[in-house]
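Every chain is numbered from 1 and lettered A, B, ... according to where its sequence line falls, protein lines coming before strand lines. The figures that follow rest on heavy atoms only: side chains count, while hydrogens, waters and symmetry mates do not.
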2 protein chains.
Amino acid sequence: MNIYDISKQAGVSIATVSRVLNGSDKVSPATREKVLKVMEQNSYTPNAFARSLGLNSMHTVGILCADSSDVYLASAIYYLERELRYHSYASMLCCTGYQLEEKKKYLQLLLSRNVDALFFVGSNFVEDTEKNNAYLFEAAGKVPVFILNGYLAGDNIHSVLCDDSLAVSEMTDTLIKRGSRSPVYLYRSLSYSGKRKLAGFQEACEKNGISDGKGRAFSCPAPVHDTMTFLAGLEKDLTFDACITADDELAVGAVKYALSQGKKIPAEFQVTGYNNSLLSTCSTPEITTVDNRVEFMCTTAVSLLMQVLDGKDIPARTMFSADLIHRETTN
Amino acid sequence: MNIYDISKQAGVSIATVSRVLNGSDKVSPATREKVLKVMEQNSYTPNAFARSLGLNSMHTVGILCADSSDVYLASAIYYLERELRYHSYASMLCCTGYQLEEKKKYLQLLLSRNVDALFFVGSNFVEDTEKNNAYLFEAAGKVPVFILNGYLAGDNIHSVLCDDSLAVSEMTDTLIKRGSRSPVYLYRSLSYSGKRKLAGFQEACEKNGISDGKGRAFSCPAPVHDTMTFLAGLEKDLTFDACITADDELAVGAVKYALSQGKKIPAEFQVTGYNNSLLSTCSTPEITTVDNRVEFMCTTAVSLLMQVLDGKDIPARTMFSADLIHRETTN
DNA sequence: TTGTAGGCGTTATCAG
DNA sequence: CTGATAACGCCTACAA
């Protein structure tokens with residue numbers, strides 16, 4: 001059943017059928033009714049592919065992330081998809097993992113579907129060298145590109161991100177004000193946002209006269225038990241009375257480490273997480289964390305995309321501040 | 001840049017270009033090289049829409065779930081997408097929430113994109129009445145439909161699910177054998193799988209001579225604090241020394257309730273979760289739970305889809321058993 | 001092995 | 001307001 005069949009049955013031309021289909025106002029109410037009735041009777045639905053071919057768009061955007069089962073990324077995807085759907089765009093999801101070659105390869109999967117735009121969720125998509133970012137520039141040559149929680153300067157590339165540096169800096173500052181004399185900082189990766197967080201920690205250390213800020217930051221494995229082991233090992237070389245982490249999962253590990261060592265939280269040992277995810281409230285005691293406003297980030301990004309698709313000019317970079325959520329792991 | 005431009009530049013017909021594009025073996029190596037070179041030089045990519053129009057497929061499937069930020073659903077989506085991508089299918093994600101009208105509406109979003117198949121993740125898509133399931137039957141009239149963790153009999157509908165009833169029954173049985181005399185069961189919803197789990201609990205109660213099995217099962221709100229409040233209230237009317245739950249988040253709430261009341265886990269109070277999610281190990285003590293094998297479910301479903309697309313005949317229903325994971329909240 | 005021509009189902013541009 | 005007709009870009013018999 002196609003537009004020709006409908007046009008025949010309704011006794012009009014395909015052009016008229018198409019007009020009815022697209023809600024054009026240049027159709028008389030009478031013929032409109034007639035056509036709609038025939039469509040109804042045949043439960044006709046227009047062919048999306050033919051439509052796309054003519055319009056060169058399927059009203060679909062691509063969402064790339066390293067791992068959609070990560071609690072933080074999962075919620076970002078949730079909000080993005082919701083907002084896009086609200087604007088009647090469909091979302092194609094693609095999890096690329098953390099390897100550059102895979103990212104490139106799976107980007108093609110999306111690009112080959114002619115998506116209208118691309119969201120790269122997580123700063124791990126921004127590589128260190130111009131050359132390794134070539135794939136992003138190339139993508140931006142075809143469709144508008146949005147980087148969430150990361151930043152890269154380039155034509156047709158837009159970044160929406162939280163001021164992670166400031167957030168960690170404030171958090172560290174607060175911890176020190178509340179009694180920590182020797183905090184350590186734990187991170188998983190040094191992506192763009194990873195570096196910014198680290199910088200925040202070091203800045204706060206410096207400001208508070210803690211000289212060896214650099215020597216107090218560590219890359220640490222994330223599964224809870226590995227984090228515990230790591231801290232237990234670290235204890236042999238270094239004294240520390242607080243643990244600032246780059247995400248809630250690391251914080252859970254830190255809490256469990258402290259509990260297993262019989263340290264009192266927060267009196268003897270303070271812990272902070274990042275992301276304000278479910279994990280932070282599932283822990284006992286509940287974890288003080290940074291709310292980096294995923295939902296705001298996603299709704300903002302989608303609304304910016306809509307403006308771009310409207311032909312408007314938008315800033316290359318939009319940054320917003322985080323919120324500190326005080327719970328039971330800090331004084 | 002289209003197939004005509006390439007054909008002109010290469011001095012061949014569009015048919016030949018198309019053959020090269022599709023890896024036909026009926027092209028001489030010489031002309032193939034020639035054509036490939038021209039494509040390369042112009043960094044030509046075929047237009048997906050035109051292609052789809054002829055083939056009537058974009059190699060894309062739709063994934064529906066209530067809420068992709070839910071830890072369990074998020075991991076299901078992750079595995080589904082991974083497997084589909086492996087078979088070079090793209091995934092369109094759509095979160096419908098729990099309202100029937102929304103489910104119907106957003107199903108259209110996917111159907112209107114002419115996806116090749118549909119995955120409904122979570123048994124909440126299967127409604128109580130034939131009439132309310134009409135939207136599923138209708139969808140199945142257009143493309144193969146897979147229901148994950150739920151079951152509905154119907155043409156072109158395939159279910160892949162874990163034997164939840166058996167799992168909860170075994171878990172309850174184990175708890176009783178390990179000392180519980182008065183367990184309660186907590187659930188969030190009575191979806192298909194929700195009902196099966198509940199049935200498992202009641203069956204085990206009966207088997208073990210606990211007469212009021214029905215009176216010991218409760219619908220309970222999920223956010224951790226609400227669960228705690230609920231149990232604290234329940235305590236006034238009922239004695240219970242163990243809490244079997246329908247998902248890990250409820251279990252976390254139960255653990256926190258016990259801790260807040262100073263009950264010793266597991267000596268005085270046992271708790272079990274469901275899903276073997278990150279939450280179960282982030283809790284302290286770590287939660288005994290049911291591993292319902294999300295990954296297996298997803299890889300199985302995708303592999304079944306591939307068989308369907310291959311024209312093979314597959315069973316309407318595939319069921320597999322769960323695994324009990326013993327941790328620190330049970331004796 | 002290669003080329004021609006028709007079809008896929010729309011949308012859009014003209015005339016009328 | 002309506003209709004004819006040409007795109008849109010690719011695939012695939014069928015011919016050569």
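- Ion pairing between a basic and an acidic side chain is recognised when a charged N comes within 4.0 Å of a carboxylate O; A/E81 and A/R85 show such pairing.
- Near DNA chain C, defined here as any heavy-atom distance below 4.0 Å, the residues from residues 2-13 of chain A are A/N2, A/I3, A/Y4, listed numerically.
- Between B/T16 and C/dT2 there is no side-chain polar atom (N or O) within less than 4.0 angstrom of OP1 or OP2.
- A 6.0 Å sphere centred on CG of B/D310 holds more than 12 heavy atoms belonging to other residues, nucleotides or ligands.
- Rounded to an integer number of Å, the gap from B/L53 CG to D/dA7 C1' is 13 Å.
- Heavy-atom distances to DNA chain C give each of B/S28 and B/G54 a nearest nucleotide, and the one nearer the 5′ end belongs to B/S28.
- Residue B/T31 is classed as a sugar-phosphate contact, given heavy-atom separations below 4.0 Å to backbone atoms only.
- For the OP1/OP2 pair of C/dT1 and a distance below 4.0 Å, the side-chain nitrogens and oxygens of B/R19 include no atom meeting the criterion.
- Relative to the six-membered ring of B/F320, B/R293 misses at least one condition, a distance below 6.0 Å or an angle of at most 45° to the axis.
- At whole-Å resolution of the value, CZ in A/R32 and C1' in D/dC1 are 11 Å apart.
- When each of C/dT11, C/dT10, D/dT12 is scored by its nearest atom to the side-chain atoms of B/S18, the top-ranked nucleotide is D/dT12.
- The distance from atom NZ of A/K26 to atom P of C/dG16 is 17 Å, rounded to the nearest whole Å.
- Under a cut-off of 6.0 angstrom, the local environment of OH in A/Y98 is crowded, with over 12 non-hydrogen atoms contributed by other residues, nucleotides or ligands.
- When rounded to the nearest whole Å, the span between CZ of A/F49 and P of C/dT11 equals 15 Å.
- Here A/N56 lies out of heavy-atom contact (under 4.0 Å) with every strand.
- OP1 or OP2 of C/dC8 has not a single side-chain nitrogen or oxygen of A/N47 nearer than 4.0 Å.
- Residues A/N47 and B/L53 are in side-chain contact: their nearest non-hydrogen atoms beyond the backbone lie under 4.5 Å apart.
- Atom OG1 of residue A/T318 and atom CE of residue A/M297 lie 12.0 Å apart, to the nearest 0.5 angstrom.
- Atom-to-atom distance recorded for B/H158:NE2 and B/T300:OG1 is 14.0 Å, nearest 0.5 angstrom.
- The side chain of A/L55 has C/dT11 as its nearest neighbour among C/dT11, D/dC11, C/dT2.
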